[in-house]
Amino acid sequence: MTDIRSMSLEELTLFITENGFERYRAKQLLSFLKAGADSFDEMTNLPKKLIAFLKENAYLARADIVRKQVSSIDGTVKYLFSLSDSECVESVVMSYHHGYTICVSTQVGCKMGCTFCATGKSGFSRSLTASEMIAQITSAQKDLDIRISNVVLMGMGEPFDNFENVVRFLKLVSSEDSLNIGMRHITVSTCGIVPKIYEFADLELQCGLSVSLHSPFDEKRSETMPINRRYDIAELMKACRYYLKKTNRRISFEYALISGVNDTERDARELSHLLKGMLCHINLIPVNEVSGTGYQKSDLKRQQSFVNILTSLGLNATVRRTLGADIDASCGQLKRNFQKGDV
Ligand code: SAH
Ligand code: SF4
(Lines give C-alpha, C1' and ligand atoms only; values in the text may rest on other atoms or scores of the structure.)
(Ligands and ions follow the chains in the order given, each with its own letter.)
Protein backbone atom coordinates (compact mmCIF):
# COMPACT_ATOMS: atom_id res chain seq x y z
CA MET A 1 0.00 0.00 0.00
CA THR A 2 1.28 3.45 -0.90
CA ASP A 3 1.69 5.98 1.89
CA ILE A 4 0.13 9.01 0.18
CA ARG A 5 0.73 11.51 2.99
CA SER A 6 4.49 10.89 2.84
CA MET A 7 4.70 11.80 -0.87
CA SER A 8 5.83 15.00 -2.53
CA LEU A 9 3.85 16.52 -5.41
CA GLU A 10 6.33 15.03 -7.90
CA GLU A 11 6.05 11.54 -6.40
CA LEU A 12 2.29 11.73 -6.22
CA THR A 13 2.03 12.98 -9.81
CA LEU A 14 4.14 10.05 -10.97
CA PHE A 15 2.06 7.57 -8.99
CA ILE A 16 -1.16 8.91 -10.43
CA THR A 17 -0.11 9.31 -14.04
CA GLU A 18 1.56 5.90 -14.14
CA ASN A 19 -1.84 4.50 -13.29
CA GLY A 20 -3.66 6.38 -16.01
CA PHE A 21 -5.05 9.42 -14.19
CA GLU A 22 -4.56 13.09 -15.13
CA ARG A 23 -1.57 14.80 -13.53
CA TYR A 24 -3.54 17.76 -12.14
CA ARG A 25 -5.40 15.35 -9.84
CA ALA A 26 -2.24 15.11 -7.70
CA LYS A 27 -2.45 18.78 -6.76
CA GLN A 28 -6.16 18.43 -6.01
CA LEU A 29 -5.46 15.49 -3.75
CA LEU A 30 -2.75 17.39 -1.89
CA SER A 31 -5.07 20.32 -1.26
CA PHE A 32 -7.52 17.94 0.42
CA LEU A 33 -4.73 16.63 2.60
CA LYS A 34 -3.65 20.17 3.48
CA ALA A 35 -7.21 20.87 4.59
CA GLY A 36 -7.08 17.89 6.95
CA ALA A 37 -8.84 15.14 5.00
CA ASP A 38 -8.56 11.78 6.75
CA SER A 39 -10.21 9.56 4.15
CA PHE A 40 -10.39 9.35 0.38
CA ASP A 41 -14.20 9.57 0.58
CA GLU A 42 -13.90 13.18 1.72
CA MET A 43 -12.24 14.09 -1.60
CA THR A 44 -15.56 14.78 -3.21
CA ASN A 45 -14.45 16.34 -6.48
CA LEU A 46 -12.11 13.52 -7.45
CA PRO A 47 -13.58 11.06 -9.98
CA LYS A 48 -15.07 7.89 -8.49
CA LYS A 49 -12.62 5.77 -10.44
CA LEU A 50 -9.64 7.53 -8.86
CA ILE A 51 -11.12 7.24 -5.37
CA ALA A 52 -11.68 3.52 -5.91
CA PHE A 53 -8.10 3.14 -7.16
CA LEU A 54 -6.71 5.00 -4.15
CA LYS A 55 -8.74 2.96 -1.69
CA GLU A 56 -7.40 -0.21 -3.19
CA ASN A 57 -3.75 0.80 -3.52
CA ALA A 58 -3.00 3.51 -1.01
CA TYR A 59 -3.66 4.66 2.54
CA LEU A 60 -3.74 7.89 4.52
CA ALA A 61 -1.72 7.85 7.72
CA ARG A 62 -3.84 9.10 10.61
CA ALA A 63 -3.36 10.57 14.03
CA ASP A 64 -6.69 10.09 15.80
CA ILE A 65 -7.38 11.97 18.99
CA VAL A 66 -7.61 9.58 21.92
CA ARG A 67 -7.39 12.23 24.61
CA LYS A 68 -7.15 16.00 24.66
CA GLN A 69 -6.18 18.14 27.64
CA VAL A 70 -6.36 21.92 27.73
CA SER A 71 -4.33 23.88 30.26
CA SER A 72 -6.46 26.21 32.34
CA ILE A 73 -3.38 28.35 32.94
CA ASP A 74 -2.32 29.25 29.40
CA GLY A 75 -4.51 27.34 26.93
CA THR A 76 -1.76 24.91 25.91
CA VAL A 77 -3.32 21.79 24.42
CA LYS A 78 -1.88 18.30 24.78
CA TYR A 79 -3.09 15.51 22.51
CA LEU A 80 -2.68 11.81 22.75
CA PHE A 81 -2.91 10.50 19.20
CA SER A 82 -3.42 6.94 18.15
CA LEU A 83 -1.65 5.78 14.98
CA SER A 84 -2.94 3.15 12.59
CA ASP A 85 -1.37 0.29 14.54
CA SER A 86 -2.79 1.66 17.82
CA GLU A 87 0.58 2.88 19.04
CA CYS A 88 0.19 6.27 20.71
CA VAL A 89 2.19 9.50 20.68
CA GLU A 90 1.68 12.91 22.24
CA SER A 91 1.80 16.37 20.65
CA VAL A 92 1.48 19.76 22.28
CA VAL A 93 0.10 22.97 20.76
CA MET A 94 1.23 26.21 22.35
CA SER A 95 0.01 29.71 21.64
CA TYR A 96 2.60 32.50 21.44
CA HIS A 97 2.18 36.09 20.33
CA HIS A 98 3.58 35.19 16.92
CA GLY A 99 1.18 32.30 16.37
CA TYR A 100 0.73 28.63 17.18
CA THR A 101 3.61 26.24 17.69
CA ILE A 102 3.28 22.48 17.68
CA CYS A 103 5.66 20.11 19.39
CA VAL A 104 5.68 16.96 17.26
CA SER A 105 6.74 13.42 18.23
CA THR A 106 9.12 11.57 15.91
CA GLN A 107 9.15 8.12 17.55
CA VAL A 108 7.02 6.00 19.84
CA GLY A 109 9.33 6.07 22.85
CA CYS A 110 13.08 6.64 22.54
CA LYS A 111 16.24 4.50 22.66
CA MET A 112 18.52 7.17 24.10
CA GLY A 113 17.70 6.59 27.76
CA CYS A 114 18.33 10.05 29.23
CA THR A 115 17.79 9.62 32.96
CA PHE A 116 15.66 12.77 33.46
CA CYS A 117 13.24 12.11 30.58
CA ALA A 118 9.87 10.38 30.80
CA THR A 119 10.00 9.26 27.17
CA GLY A 120 13.45 7.80 27.72
CA LYS A 121 12.11 5.82 30.62
CA SER A 122 9.25 4.34 28.62
CA GLY A 123 11.50 2.37 26.25
CA PHE A 124 11.30 2.28 22.46
CA SER A 125 8.65 0.89 20.22
CA ARG A 126 9.14 2.24 16.70
CA SER A 127 9.96 5.25 14.54
CA LEU A 128 7.24 7.33 12.91
CA THR A 129 6.81 7.80 9.18
CA ALA A 130 6.86 11.31 7.73
CA SER A 131 3.12 11.00 7.15
CA GLU A 132 2.49 10.25 10.84
CA MET A 133 4.38 13.41 11.80
CA ILE A 134 2.35 15.44 9.28
CA ALA A 135 -0.89 13.87 10.55
CA GLN A 136 -0.18 15.19 14.07
CA ILE A 137 -0.19 18.71 12.62
CA THR A 138 -3.24 18.35 10.38
CA SER A 139 -5.27 16.67 13.13
CA ALA A 140 -4.46 19.44 15.62
CA GLN A 141 -5.16 22.19 13.07
CA LYS A 142 -8.48 20.65 12.18
CA ASP A 143 -9.52 20.09 15.78
CA LEU A 144 -8.61 23.62 16.92
CA ASP A 145 -9.57 25.30 13.66
CA ILE A 146 -6.26 27.17 13.49
CA ARG A 147 -3.22 27.42 11.25
CA ILE A 148 -0.04 26.29 12.92
CA SER A 149 2.92 28.45 11.97
CA ASN A 150 5.84 26.91 13.89
CA VAL A 151 7.00 23.36 14.41
CA VAL A 152 9.45 21.99 16.96
CA LEU A 153 10.57 18.37 16.86
CA MET A 154 10.77 18.13 20.63
CA GLY A 155 8.06 15.61 21.39
CA MET A 156 8.66 11.94 22.02
CA GLY A 157 11.71 10.44 20.35
CA GLU A 158 15.11 11.39 18.98
CA PRO A 159 14.69 12.95 15.50
CA PHE A 160 18.20 12.00 14.35
CA ASP A 161 17.55 8.36 15.23
CA ASN A 162 14.82 8.54 12.57
CA PHE A 163 16.82 10.65 10.16
CA GLU A 164 15.37 9.77 6.76
CA ASN A 165 11.74 10.12 7.78
CA VAL A 166 12.46 13.35 9.63
CA VAL A 167 14.18 14.89 6.60
CA ARG A 168 11.33 13.77 4.38
CA PHE A 169 8.89 15.33 6.86
CA LEU A 170 10.83 18.62 6.90
CA LYS A 171 10.87 18.88 3.13
CA LEU A 172 7.17 18.05 2.89
CA VAL A 173 5.93 20.29 5.65
CA SER A 174 7.81 23.28 4.27
CA SER A 175 6.71 22.78 0.68
CA GLU A 176 4.07 25.08 -0.79
CA ASP A 177 2.05 22.11 -1.98
CA SER A 178 1.85 20.75 1.53
CA LEU A 179 1.59 22.66 4.81
CA ASN A 180 3.84 25.49 3.66
CA ILE A 181 5.50 26.10 7.03
CA GLY A 182 8.86 27.71 6.24
CA MET A 183 12.09 26.00 7.34
CA ARG A 184 12.93 29.07 9.39
CA HIS A 185 9.87 28.29 11.49
CA ILE A 186 10.96 24.73 12.20
CA THR A 187 13.39 23.54 14.88
CA VAL A 188 14.86 20.08 15.24
CA SER A 189 16.13 19.04 18.65
CA THR A 190 18.80 16.40 19.17
CA CYS A 191 20.54 14.81 22.12
CA GLY A 192 23.75 14.89 20.05
CA ILE A 193 24.04 12.11 17.48
CA VAL A 194 27.17 13.66 15.99
CA PRO A 195 27.39 12.04 12.51
CA LYS A 196 23.79 13.03 11.86
CA ILE A 197 24.50 16.65 12.79
CA TYR A 198 27.09 16.71 9.97
CA GLU A 199 24.70 15.02 7.58
CA PHE A 200 21.97 17.45 8.52
CA ALA A 201 24.26 20.45 8.09
CA ASP A 202 25.23 19.26 4.61
CA LEU A 203 21.57 19.34 3.58
CA GLU A 204 21.62 23.11 4.21
CA LEU A 205 17.93 23.16 5.04
CA GLN A 206 17.86 26.48 6.92
CA CYS A 207 16.05 24.80 9.75
CA GLY A 208 16.80 25.66 13.38
CA LEU A 209 18.88 23.26 15.44
CA SER A 210 18.50 22.76 19.15
CA VAL A 211 21.06 20.68 21.01
CA SER A 212 20.29 19.17 24.41
CA LEU A 213 23.43 19.77 26.43
CA HIS A 214 22.50 19.66 30.14
CA SER A 215 26.10 19.63 31.39
CA PRO A 216 29.46 21.02 30.25
CA PHE A 217 31.32 18.13 31.92
CA ASP A 218 31.72 14.80 30.12
CA GLU A 219 31.50 12.70 33.23
CA LYS A 220 28.27 14.26 34.40
CA ARG A 221 26.74 14.42 30.94
CA SER A 222 27.46 10.73 30.42
CA GLU A 223 25.66 9.93 33.66
CA THR A 224 22.44 11.63 32.57
CA MET A 225 22.73 11.23 28.78
CA PRO A 226 24.19 7.86 27.70
CA ILE A 227 24.74 9.18 24.14
CA ASN A 228 27.67 11.18 25.57
CA ARG A 229 29.63 7.95 26.03
CA ARG A 230 29.51 7.53 22.26
CA TYR A 231 30.00 11.17 21.21
CA ASP A 232 31.59 13.36 23.83
CA ILE A 233 31.20 17.10 24.34
CA ALA A 234 34.29 18.04 22.29
CA GLU A 235 33.01 16.06 19.29
CA LEU A 236 29.53 17.53 19.76
CA MET A 237 30.87 21.10 19.81
CA LYS A 238 32.90 20.46 16.67
CA ALA A 239 29.75 19.25 14.89
CA CYS A 240 27.78 22.28 16.13
CA ARG A 241 30.45 24.65 14.78
CA TYR A 242 30.23 22.87 11.45
CA TYR A 243 26.43 23.31 11.44
CA LEU A 244 26.83 27.00 12.19
CA LYS A 245 29.36 27.46 9.42
CA LYS A 246 27.16 25.68 6.90
CA THR A 247 23.81 27.28 7.75
CA ASN A 248 24.74 30.51 9.51
CA ARG A 249 21.87 29.77 11.87
CA ARG A 250 22.18 30.31 15.59
CA ILE A 251 22.07 27.09 17.62
CA SER A 252 19.97 26.73 20.76
CA PHE A 253 21.39 24.75 23.62
CA GLU A 254 18.87 23.21 25.98
CA TYR A 255 19.95 23.02 29.60
CA ALA A 256 17.59 21.56 32.21
CA LEU A 257 18.52 22.88 35.63
CA ILE A 258 18.57 19.98 38.08
CA SER A 259 19.08 20.80 41.72
CA GLY A 260 22.52 19.76 42.93
CA VAL A 261 23.36 18.00 39.67
CA ASN A 262 24.27 20.65 37.10
CA ASP A 263 23.31 24.01 38.58
CA THR A 264 26.40 25.13 40.52
CA GLU A 265 28.57 28.16 39.84
CA ARG A 266 31.27 25.80 38.54
CA ASP A 267 28.80 24.37 36.01
CA ALA A 268 27.81 27.86 34.85
CA ARG A 269 31.43 28.96 34.44
CA GLU A 270 32.42 25.84 32.52
CA LEU A 271 29.34 26.21 30.30
CA SER A 272 30.33 29.79 29.50
CA HIS A 273 33.83 28.66 28.71
CA LEU A 274 32.49 25.98 26.38
CA LEU A 275 30.12 28.21 24.43
CA LYS A 276 32.03 31.48 24.48
CA GLY A 277 32.17 33.16 21.09
CA MET A 278 29.67 30.82 19.50
CA LEU A 279 26.55 32.11 17.76
CA CYS A 280 24.05 30.52 20.15
CA HIS A 281 21.35 30.89 22.72
CA ILE A 282 21.09 28.93 25.95
CA ASN A 283 17.60 27.86 26.98
CA LEU A 284 17.55 27.13 30.68
CA ILE A 285 14.62 24.99 31.77
CA PRO A 286 13.95 24.15 35.41
CA VAL A 287 13.84 20.36 35.07
CA ASN A 288 10.38 18.86 34.93
CA GLU A 289 10.17 16.46 37.79
CA VAL A 290 9.41 13.06 36.35
CA SER A 291 8.36 10.50 38.92
CA GLY A 292 10.94 7.82 39.56
CA THR A 293 13.91 9.99 38.58
CA GLY A 294 14.50 11.61 41.95
CA TYR A 295 15.50 14.86 40.20
CA GLN A 296 14.26 18.18 41.48
CA LYS A 297 14.26 21.55 39.80
CA SER A 298 16.71 24.19 40.97
CA ASP A 299 15.07 26.81 43.14
CA LEU A 300 14.35 30.29 41.76
CA LYS A 301 17.41 31.83 43.41
CA ARG A 302 19.73 29.26 41.86
CA GLN A 303 18.08 29.62 38.45
CA GLN A 304 18.61 33.36 38.64
CA SER A 305 22.23 33.18 39.74
CA PHE A 306 22.97 30.60 37.02
CA VAL A 307 21.54 32.81 34.28
CA ASN A 308 23.30 35.85 35.75
CA ILE A 309 26.70 34.19 35.58
CA LEU A 310 26.14 33.26 31.95
CA THR A 311 24.94 36.69 30.88
CA SER A 312 27.64 38.51 32.83
CA LEU A 313 30.18 36.44 30.90
CA GLY A 314 28.65 37.60 27.63
CA LEU A 315 26.40 34.65 26.79
CA ASN A 316 22.91 34.81 25.49
CA ALA A 317 20.79 32.89 28.01
CA THR A 318 17.22 32.91 29.32
CA VAL A 319 15.13 30.80 31.65
CA ARG A 320 12.30 29.39 29.59
CA ARG A 321 8.71 29.99 30.56
CA THR A 322 6.93 26.72 31.27
CA LEU A 323 3.69 26.20 29.38
CA GLY A 324 0.98 23.70 30.16
CA ALA A 325 2.35 22.91 33.61
CA ASP A 326 -1.03 21.69 34.87
CA ILE A 327 -1.38 19.10 32.10
CA ASP A 328 2.20 17.76 32.15
CA ALA A 329 2.76 19.22 28.70
CA SER A 330 6.33 20.33 29.28
CA CYS A 331 9.49 18.96 27.77
CA GLY A 332 10.33 15.48 28.81
CA GLN A 333 6.98 14.79 30.38
CA LEU A 334 5.44 13.31 27.29
CA LYS A 335 5.09 9.66 27.96
CA ARG A 336 2.93 6.71 27.36
CA ASN A 337 0.74 6.95 30.42
CA PHE A 338 -2.17 5.81 28.36
CA GLN A 339 -0.68 2.42 27.62
CA LYS A 340 0.25 2.01 31.23
CA GLY A 341 -3.43 2.45 31.95
CA ASP A 342 -3.24 5.40 34.32
CA VAL A 343 -5.36 7.96 32.50
N1 SAH B 1 15.27 13.69 21.69
C2 SAH B 1 15.42 15.06 21.43
C3 SAH B 1 14.12 15.82 21.33
C4 SAH B 1 13.01 15.45 22.25
S5 SAH B 1 13.27 15.84 23.94
C6 SAH B 1 16.36 15.69 22.44
O7 SAH B 1 16.67 15.06 23.44
O8 SAH B 1 16.79 16.81 22.21
C9 SAH B 1 12.97 17.60 23.94
C10 SAH B 1 13.74 18.36 25.00
O11 SAH B 1 13.24 18.06 26.31
C12 SAH B 1 15.22 18.05 25.03
O13 SAH B 1 15.96 19.23 25.14
C14 SAH B 1 15.34 17.23 26.30
O15 SAH B 1 16.63 17.26 26.83
C16 SAH B 1 14.34 17.92 27.18
N17 SAH B 1 13.89 17.18 28.35
C18 SAH B 1 13.69 15.86 28.46
N19 SAH B 1 13.27 15.56 29.71
C20 SAH B 1 13.20 16.72 30.39
C21 SAH B 1 12.82 17.08 31.72
N22 SAH B 1 12.42 16.15 32.58
N23 SAH B 1 12.87 18.38 32.05
C24 SAH B 1 13.25 19.32 31.18
N25 SAH B 1 13.62 19.06 29.92
C26 SAH B 1 13.60 17.77 29.53
FE1 SF4 C 1 15.16 10.57 24.00
FE2 SF4 C 1 15.36 13.24 23.97
FE3 SF4 C 1 14.21 11.93 26.03
FE4 SF4 C 1 16.83 11.77 25.68
S5 SF4 C 1 15.66 13.61 26.16
S6 SF4 C 1 15.47 10.06 26.14
S7 SF4 C 1 16.97 11.76 23.47
S8 SF4 C 1 13.46 12.02 23.95
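Whatever order the structure lists ligands and atoms in, that order sets their numbers, starting from 1. Predicted, not measured: the structure shown is a model, and the values here were computed from it.
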Discussion item. One thing to verify: whether E10 and R23 come together as a salt bridge, which I'm taking to mean a side-chain N less than 4.0 angstrom from a carboxylate O.
Written reply: no
Discussion item. Counting only heavy atoms closer than 4.0 Å, does ligand 1 sit against the backbone of H214, its side chain, both, or neither?
Written reply: side chain
Worksheet item: At what distance is the nearest protein heavy atom to atom 4 (Fe) of ligand 2, and which residue and atom is it?
Response: C114 SG, 2.3 Å
Worksheet item: Using 4.0 Å as the upper bound for N to carboxylate O, is an ion pair formed by R126 and E87?
Response: no
Fill in: Contact check: F116 vs ligand 1, nitrogen or oxygen atoms, below 3.5 angstrom
yes
Practice prompt. Would you mind listing which atoms of ligand 1 come within a distance below 4.0 Å of any non-hydrogen atom of E254?
Written response: 13 (O)
Practice prompt. Under 4.0 Å, heavy atoms only, figure out whether ligand 1 is touched by the backbone of T190, its side chain, both or neither.
Written response: backbone
Item to complete: In plain terms, say whether R5 and D38 are close enough for a salt bridge, that is, a side-chain N and a carboxylate O under 4.0 Å apart.
Response: yes
Discussion item. I need the contact type for E158 against ligand 1. Using non-hydrogen atoms and a strict under-4.0 Å cut-off, is it side chain, backbone, both or neither?
Written reply: both
Worksheet item: Between the main-chain N or O of R249 and the side-chain N or O of T247, is there a donor-acceptor pair closer than 3.5 Å?
Response: yes
Discussion item. For atom 2 (Fe) of ligand 2, what's the nearest protein heavy-atom neighbour? Residue, atom name and distance, please.
Written reply: G157 O, 4.5 Å
Discussion item. Need the ligand 1 atom indices (1-based, order shown) with element for anything under 4.0 Å from a heavy-atom of S212.
Written reply: 6 (C), 7 (O), 8 (O), 12 (C), 13 (O), 14 (C), 15 (O)
Discussion item. Does this structure show an ion pair linking K220 with E223, if we count only N-O contacts that are shorter than 4.0 Å?
Written reply: no
Worksheet item: Going by distance alone, is a donor N or O of one side chain under 3.5 Å from an acceptor N or O of the other, for Y255 and S212?
Response: no
Fill in: Per atom 1 (N) of ligand 1, closest listed option by heavy atom (G192, G157, C191)
G157
Worksheet item: Atoms of ligand 1 less than 4.0 Å from G155 heavy atoms?
Response: 4 (C)
Worksheet item: With atoms numbered from 1 as shown, which atoms in ligand 2 lie under 4.0 angstrom from a non-hydrogen atom of C110?
Response: 1 (Fe), 6 (S), 7 (S), 8 (S)
Worksheet item: Near G120, which atoms of ligand 2 are under 4.0 Å from a heavy atom of that residue?
Response: 6 (S)
Discussion item. Using a distance threshold of 2.8 Å, state whether an N, O or S atom of C117 lies below it from atom 1 (Fe) of ligand 2.
Written reply: no
Practice prompt. Please test S298 against Q303 for side-chain hydrogen bond (donor to acceptor under 3.5 Å, both in side chains), starting from the C-alpha separation and ending with a verdict.
Written response: CA-CA 6 Å; S298 313; Q303 292 173 29; over 6 Å; no
Discussion item. Under a 4.0 Å threshold between the charged nitrogen and the carboxylate oxygen, would K55 count as salt-bridged to D41?
Written reply: yes
Discussion item. Please give me the minimum heavy-atom distance between L213 and R221, naming the atom from each residue.
Written reply: O-NE, 2.8 Å
Worksheet entry | Residue from N162, N165, D161 passing side-chain hydrogen bond (donor to acceptor under 3.5 Å, both in side chains) with Q107 | D161
Item to complete: Please identify which atoms of ligand 2 are closer than 4.0 Å to at least one heavy atom of C191.
Response: 7 (S)
Worksheet item: Are T76 and S71 linked by a side-chain donor-acceptor pair shorter than 3.5 Å?
Response: no
Worksheet, complete the sentence: One finds that the ligand 2 atoms under 4.0 Å from a non-hydrogen atom of M112 are 1 (Fe), 7 (S)
Response to the item:
Logged contact type for V290 with ligand 1, heavy-atom cut-off 4.0 Å, is side chain
Practice prompt. For V287, counting its heavy atoms only, list the atoms of ligand 1 lying under 4.0 Å from any of them.
Written response: 21 (C), 22 (N), 23 (N)
